[in-house]
Amino acid sequence: MRASLLERCEAQIRNETALRKGRLLEYESIVKLGAMLFLNEGREVDAAHIKECKRILKQKAGLFSNFRGNLQYIVQIKMALSDDPEAYIDNVMDVYAKLKQGRKFAGEPLAMTAATIYENCPEELSDEVIDKTREAYAQINTKHRFLTDESDMPTIALMIMAGMNPDSASDQAEQLFSALKDRFRIKSDVAQTAAMVLALSEKPASEKVEDFIGLFEACKEAGHATAKDKAMCIYATYADLDADRATIVSEIGEVDEWLKGHKGYGALGVGASMRRLIAATLVLEDYQASMASPFVHATRAVTQAIVEELVLILISVIICTIIITSAASSTN
């Protein structure tokens, strides 16, 4: 394994161990996401500070708030990583209030969208991005009413922050969705998420669709692919990465095998698909860190930070789904 990649993997495990020792997080999958958040910021886990952020969050958000459900673990870590945790949650909740205007019901993905916008958008453009995100979501929802839900909102927000207007965001997502559905046997909801991710790439539609499917199939042939569900959308984030596919597949396999020997990744851990999702993420982020230029062309104004946010959104959506499913099973 490359030295920089091994170092990243070891730092991930150190962070996970620190989070467990602090008894901060309830779910193993959240431990892994939390460790990755600290890893991306190059920060050490501070258990006392996270606990203080949890106390602040309880003061700011009521018991039934969307910031206090399955998302609370992610929110308190993001607060801990900010310069001012109290200001962070105040500002995110302000964006959230604007996003949910006119909605009778608002779920946790809307809170995640608020965090995504606040973290990646200049304050002076926030209201414009909020309005365009709502409009783009409405257009996509009109086309695919039974496929689109609030879990798509954070990715749509990134499309808007990438410089798309609501019409182009909707049109590009639809074009890519059609290409995926026409040529490959992918579930419609997975195809829609992958289409939104691929829309962030400037490559021709046919090329980036082929790259996405090609990488998944190569990982599958090597025995290191995620399940063919929303987890596979991680391969769409590689669309603009200038690296040899065989090398990428080999390195994902190396990390997958390496992770198996560590707590929470084996037979009784998060499962093979989630482990491979994390392996693919660690490889991608190591490539990003070594690149001299942004992950995508500067002309699109998509920064490396936004691509990192995209990866974390995908993982967060999957993790929240796992938690909800587990909670429902335990009540039956």
**OP:** Please test Lys181 against Ser188 for side chain to side chain contact (heavy atoms under 4.5 Å, CB included), starting from the C-alpha separation and ending with a verdict.
**Re:** CA-CA 7 Å; Lys181 287 302 296 175; Ser188 294; 3.4 Å; yes
**OP:** Flag the pair Cys9 / Gln12 as yes when at least one side-chain heavy-atom distance between them is below 4.5 Å, and no otherwise.
**Re:** no
**OP:** Check whether any side-chain heavy atom of Ile50 lies under 4.5 Å from a side-chain heavy atom of Val45, and answer yes or no.
**Re:** yes
Original post:
Do Ser170 side-chain atoms and Pro166 backbone N/O form a donor-acceptor pair below 3.5 Å?
Top reply: no
Should we say atom [atom1] of [X] is surrounded by more than 12 heavy atoms from elsewhere, each under 6.0 Å from it?
| X | atom1 | result |
| --- | --- | --- |
| Glu124 | CD | yes |
| Glu7 | CD | no |
| Gln59 | CD | yes |

Subject >> Lys NZ or Arg CZ of Lys54 over Tyr73 ring: under 6.0 Å, within 45° >> reply: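 Not satisfied by the 6.0 Å and 45° rule.
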Subject >> Full working for side chain to side chain contact (heavy atoms under 4.5 Å, CB included) between Ser82 and Lys78 >> reply: CA-CA 6 Å; Ser82 68; Lys78 284 178 171 282; over 6 Å; no
Is there a path of hydrophobic side-chain contacts, each under 4.5 Å between heavy atoms of I/L/V/M/F/W/Y residues, joining [Y] to [X]?
| X | Y | value |
| --- | --- | --- |
| Val75 | Leu37 | yes |
| Leu180 | Phe177 | no |
| Leu147 | Phe184 | no |
| Leu6 | Leu39 | yes |
| Ile56 | Ile74 | yes |

Smallest separation among heavy atoms of [X] and [Y], with atom names:
| X | Y | result |
| --- | --- | --- |
| Tyr265 | Val270 | CD2-CG2, 4.3 Å |
| Leu19 | Gly34 | CD1-C, 3.8 Å |
| Ala169 | Ala136 | CB-CB, 4.4 Å |
| Arg2 | Glu251 | NE-OE2, 2.6 Å |
| Leu277 | Ala231 | CD1-O, 3.7 Å |
| Ile117 | Ala157 | CG1-CB, 3.9 Å |

Look up atom [atom1] in [X] and atom [atom2] in [Y], then write down how far apart they are to the nearest 0.5 Å.
| X | Y | atom1 | atom2 | answer |
| --- | --- | --- | --- | --- |
| Ser168 | Gln175 | OG | CD | 11.5 Å |
| Glu119 | Asn91 | CD | CG | 11.0 Å |
| Ile140 | Arg145 | CD1 | CZ | 13.0 Å |
| Asp152 | Thr193 | CG | OG1 | 5.0 Å |
| Leu5 | Glu285 | CG | CD | 11.0 Å |
| Leu158 | Thr133 | CG | OG1 | 8.5 Å |

Do [Y] and [X] meet the salt-bridge criterion of a basic N to acidic O distance under 4.0 Å?
| X | Y | result |
| --- | --- | --- |
| Lys132 | Glu135 | no |
| Asp94 | Lys98 | yes |
| Lys143 | Asp171 | yes |
| Asp240 | Lys208 | no |
| Asp256 | Arg275 | yes |
| Lys203 | Glu210 | no |

**OP:** Give the intermediate values and the outcome of side-chain hydrogen bond (donor to acceptor under 3.5 Å, both in side chains) for residues Glu254 and His224.
**Re:** CA-CA 9 Å; Glu254 286 181 316; His224 298 287; over 6 Å; no
**OP:** Evaluate side chain to side chain contact (heavy atoms under 4.5 Å, CB included) for Met112 paired with Ser151, printing each intermediate quantity in order.
**Re:** CA-CA 9 Å; Met112 191 186 305; Ser151 67; over 6 Å; no
**OP:** Apply ring pair (Phe, Tyr, Trp, His ring centres under 6.0 Å) to Tyr88 and Tyr118, showing your working.
**Re:** CA-CA 9 Å; Tyr88 174 90; Tyr118 174 69; 5.6 Å; yes
Original post:
Strictly under 6.0 Å, is that where the ring centroids of Tyr238 and Tyr287 end up?
Top reply: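 Between Tyr238 and Tyr287, the centre distance exceeds or equals 6.0 Å.
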Subject >> Ring centres under 6.0 angstrom apart (Tyr235, Phe212) >> reply: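 Centroid distance Tyr235-Phe212: not below 6.0 Å, so no.
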Original post:
When Phe67 is tested against each of Met93, Gln72, Lys60 for side chain to side chain contact (heavy atoms under 4.5 Å, CB included), which residue passes?
Top reply: Met93
**OP:** Starting from the C-alpha separation in whole Å, work towards a yes-or-no answer on side chain to side chain contact (heavy atoms under 4.5 Å, CB included) for Asp211 and Arg245.
**Re:** CA-CA 9 Å; Asp211 286 347; Arg245 181 185 295 170; 3.8 Å; yes
**OP:** Mind running salt bridge (Lys or Arg N to Asp or Glu O under 4.0 Å) on Glu28 and Arg20 for me, showing each step along the way?
**Re:** CA-CA 9 Å; Glu28 186 63 31; Arg20 288 193 203 94; 2.6 Å; yes
